[in-house]
Amino acid sequence: MAQKARCVTCNDCYFRKTSLCALDLMEPCPTFRPALKGEMVAPRQARLVEPPETTRTTWRAPGRIAAGVV
């Protein structure tokens, strides 16, 4: 059975709980950070993914030697 999603409110925000919020809004603002066990939870960051291996191209055409290269 699917669980109901819990709606977050400003009262769940770290800044509101520590009296650091100066906004009086009806819904959480973009700076909302959940407060768990009295500490701020940092937002998740995107995973770092290495770019796919690309074929290397050289600036020299085959059979030609660039000036100054022996």
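The basis for the numbers below is simple: all heavy atoms, side chains too, and nothing from hydrogens, waters or symmetry mates.
- A salt bridge (charged side-chain N to carboxylate O under 4.0 Å, His left out) check over residues 33-44, counting only residues at least two apart or in different chains, returns nothing.
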Under 3.5 Å, which donor-acceptor pairs link side chains of residues 13-32 to any protein atom two or more places apart or in another chain?
unit_1: Arg16; atom_1: NH2; unit_2: Leu23; atom_2: O; d: 2.8
unit_1: Thr18; atom_1: OG1; unit_2: Tyr14; atom_2: O; d: 2.8

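- Leu36 shares a hydrophobic cluster with Val41; the chain of contacts runs through ILVMFWY side chains whose heavy atoms sit under 4.5 Å apart.
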